[in-house]
Engineer: 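Attaching a single structure in structure tokens format; questions to follow.
Index from 1, following the sequence.
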Amino acid sequence: MTDAPLPQEVLIVTGMSGAGRSTVANALEDLGWYVVDNLPPQMLRPLVDLAEKAGSTLPRIAAVVDVRGRDFFGDLQEIIHSLRSGSQLRVLFLEATDSALVRRFEQVRRPHPLQGDGTLLDGIERERVRLHPIRESSDMVIDTSDLNIHQLATRIAEGFSTTDTPGVQVTLMSFGFKYGTPTDVDSIADARFLPNPFWIPELRAHTGLDSEVSDYVLAQDGAAEFLESYATSLKPVLAGYQRENKRHATMAIGCTGGKHRSVALTRALADRLESYPGVVVNVKHRDLGRE
């Protein structure tokens with residue numbers, strides 16, 4: 001008896017115009033993915049069928065689908081739903097703030113594809129409305145507002161570089177509320193219930209990476225209980241992500257400046273989650289060094 005062929009791995013890359021789809025497509029090609037750009041949604045099924053016939057010679061395909069498809073784009077949601085039953089399908093959605101998108105379009109001096117006779121912001125707003133259902137059902141959302149092309153390519157390499165990917169790759173991010181909450185995360189926890197080391201002169205210049213600060217933070221009333229409870233609550237969540245083939249998750253912990261409490265708690269939480277089956281943890285300190 002021969003083994004049944006594995007389901008084809010398919011990634012649909014979509015999102016806001018100017019948010020970095022071309023950069024993602026190039027990064028995926030560098031990683032060995034077969035990438036098709038500006039594909040009408042109606043061609044996704046024939047592409048998947050062709051890849052399945054090719055077998056191991058074409059194991060991973062990525063299709064960039066966006067509003068350049070005009071009237072064809074309206075069928076994307078229904079087509080994604082039909083493809084999920086037969087393939088290892090994931091949807092990557094790229095977004096950015098209005099100001100970031102306007103800046104990028106002005107740099108290249110190109111109109112927005114939905115701008116028409118209006119302004120750039122008119123086109124961006126029309127696209128956000130049209131893409132909202134797709135974004136809500138996407139498996140992974142990346143906000144590229146503060147990423148350059150090299151940083152975005154690195155994010156893609158971290159998430160899609162190997163065929164032997166774990167059940168779920170978890171990014172634990174520390175951040176400072178004073179710099180704004182991250183938009184491309186699955187959950188946010190607030191560390192401001194703990195005393196702030198900033199107000200202790202001998203700790204102010206240190207960070208949560210230093211033992212002086214981490215020991216102080218983790219010794220505070222409620223810190224150990226928070227870590228234990230939060231890690232325990234994430235265990236069934238991450239197991240469920242694996243069952244649902246959601247292979248990327250981002251959890252964020254914030255404090256005032258993203259320098260002391262959130263950094264210490266993020267590192268301590270990573271130690272706990274790394275023991276969970278099928279989970280690989282990456283730690284990112286978004287705002288460390290900004291003060």
Side-chain angles (χ1 to χ4, degrees), residues 11 13-28 30-31 64 66-67 90-110 112 120-121 123-125 127-128 131-132 134-136 138-161 169-192 207-209 248-267 269-270 281-291:
L11 177 68
V13 180
T14 188
M16 298 297 295
S17 300
R21 292 188 306 259
S22 296
T23 298
V24 170
N26 292 335
L28 289 170
D30 291 341
L31 296 172
V64 180
D66 53 70
V67 294
R90 288 176 286 168
V91 179
L92 169 61
F93 190 96
L94 304 174
E95 69 174 11
T97 62
D98 287 358
S99 59
L101 294 175
V102 168
R103 182 175 65 252
R104 292 169 186 175
F105 273 104
E106 288 179 342
Q107 287 174 345
V108 297
R109 299 183 180 181
R110 294 179 59 188
H112 189 281
L120 268 175
L121 285 173
I124 291 170
E125 177 59 25
E127 188 174 32
R128 284 200 193 281
L131 293 179
H132 180 72
I134 303 295
R135 185 195 186 284
E136 292 301 299
S138 295
D139 301 284
M140 186 178 182
V141 178
I142 297 179
D143 187 333
T144 70
S145 302
D146 297 322
L147 301 178
N148 60 38
I149 59 174
H150 305 293
Q151 292 168 330
L152 179 54
T154 298
R155 287 284 298 273
I156 298 304
E158 291 173 350
F160 300 97
S161 60
Q169 296 186 37
V170 178
T171 298
L172 293 180
M173 177 193 301
S174 70
F175 73 95
F177 280 99
K178 65 187 293 184
Y179 301 113
T181 56
T183 59
D184 52 345
V185 299
D186 296 288
S187 69
I188 293 177
D190 190 345
R192 292 175 295 182
T207 75
L209 299 177
H248 305 273
T250 303
M251 314 293 178
I253 301 178
C255 62
T256 303
K259 179 180 179 179
H260 297 110
R261 293 165 289 181
S262 62
V263 173
L265 289 177
T266 297
R267 294 183 69 204
L269 181 63
V281 180
N282 299 307
V283 176
K284 176 183 178 181
H285 302 299
R286 191 191 73 175
D287 298 321
L288 197 61
R290 296 187 69 165
E291 287 190 348

Engineer: Are any of the side-chain heavy atoms of T14 and V64 separated by less than 4.5 Å?
Structural biologist: no
Engineer: Could you state the interatomic distance from OG1 (T144) to CD (E95), rounded to the nearest 0.5 Å?
Structural biologist: 8.5 Å
Engineer: Does L92 reach the side chain of I156, with side-chain heavy atoms less than 4.5 Å apart?
Structural biologist: yes
Engineer: Can a donor-acceptor pair be found, under 3.5 Å and without considering hydrogens, that links the side chain of S187 to the backbone of M251?
Structural biologist: no
Engineer: Could you tell me whether the side chain of H285 reaches within less than 4.5 Å of the side chain of T207, counting heavy atoms only?
Structural biologist: no
Engineer: For N282, look at atom CG and say whether over 12 heavy atoms of other residues, nucleotides or ligands are found less than 6.0 Å away.
Structural biologist: yes
Engineer: Please confirm whether the ring centroid of H248 lies under 6.0 Å from the ring centroid of F160.
Structural biologist: yes
Engineer: With a 4.0 Å cut-off, would you call D184 and R155 a salt bridge?
Structural biologist: yes
Engineer: Counting C-beta onward and ignoring hydrogens, is there a side-chain heavy-atom pair between L11 and V13 closer than 4.5 Å?
Structural biologist: yes
Engineer: Can you tell me how far CG of L121 sits from CZ of F105, rounded to the nearest 0.5 angstrom?
Structural biologist: 11.0 Å
Engineer: Going through the checks in order, is the side-chain contact (heavy atoms from CB on, under 4.5 Å) test met by R286 and L288?
Structural biologist: CA-CA 6 Å; R286 191 191 73 175; L288 197 61; over 6 Å; no
Engineer: What pair of heavy atoms forms the shortest contact from S262 to K259, and how long is it?
Structural biologist: OG-N, 4.3 Å
Engineer: Which pair of non-hydrogen atoms, one from R135 and one from T183, has the smallest distance, and what is that distance?
Structural biologist: NH2-O, 3.9 Å
Engineer: Grab the two heavy atoms, one from V185 and one from A252, that are nearest each other, plus how far apart they are.
Structural biologist: CG1-CB, 4.1 Å
Engineer: Any chance you could measure H112, atom NE2, to S17, atom OG, to the nearest 0.5 Å?
Structural biologist: 4.0 Å
Engineer: What are the two closest heavy atoms between I188 and P182, and how far apart are they?
Structural biologist: CD1-O, 4.0 Å
Engineer: Working to the nearest 0.5 Å, report the span between CZ of R21 and CG of L152.
Structural biologist: 12.0 Å
Engineer: Identify the heavy atoms of M16 and I124 that sit nearest to each other, and give their distance.
Structural biologist: CE-O, 3.6 Å
Engineer: With a 4.5 Å limit on heavy-atom distance, are the side chains of V24 and L94 in contact?
Structural biologist: yes
Engineer: State which residues pass side chain to side chain contact (heavy atoms under 4.5 Å, CB included) with D30; sequence neighbours excluded, sorted by chain then number.
Structural biologist: none
Engineer: Between R104 (side chain only) and G18 (backbone N and O only), is there a donor and an acceptor less than 3.5 Å apart?
Structural biologist: yes
Engineer: Could you state the interatomic distance from CD (E127) to NE2 (H132), rounded to the nearest 0.5 Å?
Structural biologist: 14.5 Å
Engineer: Report yes if the side chains of F93 and I142 come closer than 4.5 Å at any heavy-atom pair, otherwise no.
Structural biologist: no
Engineer: Are side-chain heavy atoms of I253 and D190 found at a separation under 4.5 Å?
Structural biologist: no
Engineer: Taking the side chain from E106 and the backbone from R103, do they hold a donor-acceptor pair closer than 3.5 Å?
Structural biologist: no
Engineer: Nearest 0.5 angstrom please: T97 OG1 to D143 CG, how far?
Structural biologist: 7.0 Å
Engineer: Can a salt bridge be assigned to the pair K178 and D287 using a cut-off of 4.0 Å between side-chain N and carboxylate O?
Structural biologist: no
Engineer: Could you tell me which non-hydrogen atom of L101 sits nearest to which non-hydrogen atom of A19, and how far apart they are?
Structural biologist: CD2-N, 3.9 Å
Engineer: Could you tell me whether R192 sits above the aromatic face of F177, with NZ or CZ closer than 6.0 angstrom to the six-membered ring centre and within 45 degrees of the axis?
Structural biologist: yes
